[in-house]
Amino acid sequence: MSTQLIYLMDPQCGWCFGFSGIMHEIVAHFQSDDRLELSLVTGGLFHPARVTGPNFAEEKRPIAARVEQMFGVNFADDYFSKVLGTGHLDSLVPCQVINAVKMKTPGAEFGFAARLIDAAFIEARDISELSVCLDVVQESGFDAKEVELILSTPELVEMTEKSFEFARQAGTGFPSLFLKTEHALTHLGGAQLDLKTLKARVDAQLN
């Protein structure tokens with residue numbers, strides 16, 4: 001079994017939106033590290049789906065402000081009204097689509113997940129809707145019809161179920177990074193991580 005650097009995330013998670021830029025640096029650094037392989041695991045933050053509305057949206061504004069201050073990102077104001085304020089949040093749909101991209105083109109899921117996050121938090125598009133996710137698939141250069149066909153396969157359903165179970169057992173929240181070896185699963189940290197700190201922790205574990 002190869003050693004894995006696992007990124008546990010959810011595309012509906014505001015902290016994962018903030019962490020997206022750092023994760024881009026992490027992927028760029030570790031994708032050429034022959035000691036390990038990168039693995040993205042989708043978490044199922046809102047599974048089952050969560051009913052939302054204006055009050056829910058207002059409750060999330062202080063959290064969004066913390067994310068903005070910590071990471072220097074900006075939530076679209078329409079995200080609160082058009083996404084949080086109008087009905088429900090569902091992680092299953094976008095997580096399944098990310099995993100379908102992963103099955104179709106291994107390795108592409110990191111860039112696609114970041115693109116899907118931008119669609120939600122910057123462009124205020126409702127990624128709880130399959131049609132929106134498939135639009136982002138097409139915009140990202142993949143064949144949306146091919147990805148949609150993968151969604152109904154037993155392999156995709158099993159992959160998503162296992163990823164949600166991993167998140168439940170880990171119990172660490174999103175985002176989180178882990179090092180998985182043949183003998184152990186080590187939590188390396190979450191939203192407070194930067195590339196320098198992560199490199200040091202990975203090196204300490206592998207050396």
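Everything numeric in this text was worked out from a predicted model, so none of it was measured. Atoms considered below: every heavy atom in the structure, side chains included; atoms not considered: hydrogens, waters and symmetry mates.
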Requested in this report: Go through the steps for L38 and Q4 under the test side-chain contact (heavy atoms from CB on, under 4.5 Å), then give the verdict.
Outcome: CA-CA 6 Å; L38 294 172; Q4 292 182 318; over 6 Å; no
Query raised in the report: Can you name the residues that form a side-chain contact (heavy atoms from CB on, under 4.5 Å) with N55, not counting sequence neighbours?
Result: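 Here no residue qualifies.
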**Report entry** Qualifying side chain to side chain donor-acceptor pair (under 3.5 Å) pairs with a residue from residues 14-24, counting only residues at least two apart or across chains
**Finding:**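 Counting only pairs at least two positions apart or across chains, no side chain to side chain donor-acceptor pair (under 3.5 Å) contact touches residues 14-24.
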Requested in this report: Among residues two or more places apart or on two chains, list those pairs meeting side chain to side chain donor-acceptor pair (under 3.5 Å) that have a residue in residues 106-123.
Outcome: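 Checked against side chain to side chain donor-acceptor pair (under 3.5 Å) - neighbours excluded - the pairs reaching residues 106-123 are R115-E123, R115-E139, E123-R125.
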Is there a side-chain contact between [X] and [Y] (heavy atoms, below 4.5 Å)?
X: V202; Y: F30; result: yes
X: L92; Y: F164; result: yes
X: T86; Y: S81; result: no
X: L185; Y: F166; result: yes
X: L89; Y: V83; result: yes
X: T3; Y: K180; result: no
X: L179; Y: L206; result: yes
X: Y7; Y: S39; result: no

Nearest heavy atoms of [X] and [Y], plus distance in Å:
X: C95; Y: G43; value: SG-N, 4.3 Å
X: S91; Y: L45; value: OG-N, 3.5 Å
X: C133; Y: V93; value: SG-CG1, 4.1 Å
X: A64; Y: F75; value: O-CE1, 3.5 Å
X: G173; Y: L8; value: O-CD2, 4.1 Å
X: A144; Y: V137; value: CA-CG1, 3.8 Å

Distance check, rounded to the nearest 0.5 Å: [X] atom [atom1] versus [Y] atom [atom2]?
X: M23; Y: L195; atom1: CE; atom2: CG; value: 10.0 Å
X: N74; Y: F17; atom1: CG; atom2: CZ; value: 7.0 Å
X: T186; Y: Q205; atom1: OG1; atom2: CD; value: 4.0 Å
X: C16; Y: L116; atom1: SG; atom2: CG; value: 12.0 Å
X: F121; Y: Q12; atom1: CZ; atom2: CD; value: 6.5 Å
X: L5; Y: L177; atom1: CG; atom2: CG; value: 5.5 Å

Flag yes if [X] and [Y] sit in one hydrophobic cluster, no otherwise; membership is Ile, Leu, Val, Met, Phe, Trp, Tyr, and two members link when side-chain heavy atoms are under 4.5 Å apart.
X: V73; Y: M70; value: yes
X: V157; Y: L134; value: no
X: F71; Y: I63; value: yes

Query raised in the report: Per the side chain to side chain contact (heavy atoms under 4.5 Å, CB included) rule, which among E161, Q96, K104 passes with L156?
Result: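 For L156, the side chain to side chain contact (heavy atoms under 4.5 Å, CB included) test succeeds with only one of E161, Q96, K104, which is Q96.
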Query - I26 vs F110, side-chain contact (heavy atoms from CB on, under 4.5 Å): CA-CA, chis, key distance, verdict - result: CA-CA 11 Å; I26 290 170; F110 288 94; over 6 Å; no
Query - Side-chain ion pair, K145 and E148, N-O less than 4.0 Å - result: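 The answer is no: the pair does not qualify as a salt bridge.
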Query raised in the report: Just by distance, with hydrogens left out, do E37 and S2 show a side-chain donor and acceptor under 3.5 Å apart?
Result: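 Looking only at side-chain atoms, S2 and E37 do form a donor-acceptor pair, the distance falling under 3.5 Å.
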Query raised in the report: Going by distance alone, is a donor N or O of one side chain under 3.5 Å from an acceptor N or O of the other, for Q192 and T197?
Result: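 Checked: Q192/T197 side chains show no N/O donor-acceptor pair below 3.5 Å.
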Query raised in the report: What pairs of residues pass the ring-ring contact (aromatic ring centres under 6.0 Å, His included) test when at least one of them lies in residues 187-207, not counting sequence neighbours?
Result: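 Sorted pair list: F178-H187.
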Query - Derivation of the side-chain hydrogen bond (donor to acceptor under 3.5 Å, both in side chains) call for S163 and T42 - result: CA-CA 6 Å; S163 71; T42 54; 3.1 Å; yes
Requested in this report: Report the C-alpha separation of M9 and L40 in whole Å, then their side-chain angles, then the decisive distance to 0.1 Å, and conclude whether the side-chain contact (heavy atoms from CB on, under 4.5 Å) test is met.
Outcome: CA-CA 7 Å; M9 59 81 68; L40 185 150; 4.1 Å; yes
Query - Steps toward salt bridge (charged side-chain N to carboxylate O under 4.0 Å, His left out) verdict (K162, E165) - result: CA-CA 5 Å; K162 285 184 176 180; E165 179 60 25; over 6 Å; no
Requested in this report: Run the numbers on F112 and V97 for side-chain contact (heavy atoms from CB on, under 4.5 Å), then give the verdict.
Outcome: CA-CA 10 Å; F112 176 73; V97 173; 3.8 Å; yes
Report task. Only pairs at least two apart or in different chains count here, so list each salt bridge (Lys or Arg N to Asp or Glu O under 4.0 Å) that has a residue in residues 194-207. Result ->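 Listed by first then second residue: R35-D203.
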Query raised in the report: Taking only residues at least two apart or on different chains, which pairs with a member in residues 71-81 satisfy salt bridge (Lys or Arg N to Asp or Glu O under 4.0 Å)?
Result: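 Matches after skipping sequence neighbours: R61-D77, D78-K82.
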Query raised in the report: Where the side chain of D10 meets the backbone of G44, is there a donor-acceptor pair that is under 3.5 Å apart?
Result: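 The answer is yes, because a donor-acceptor pair under 3.5 Å joins these two groups.
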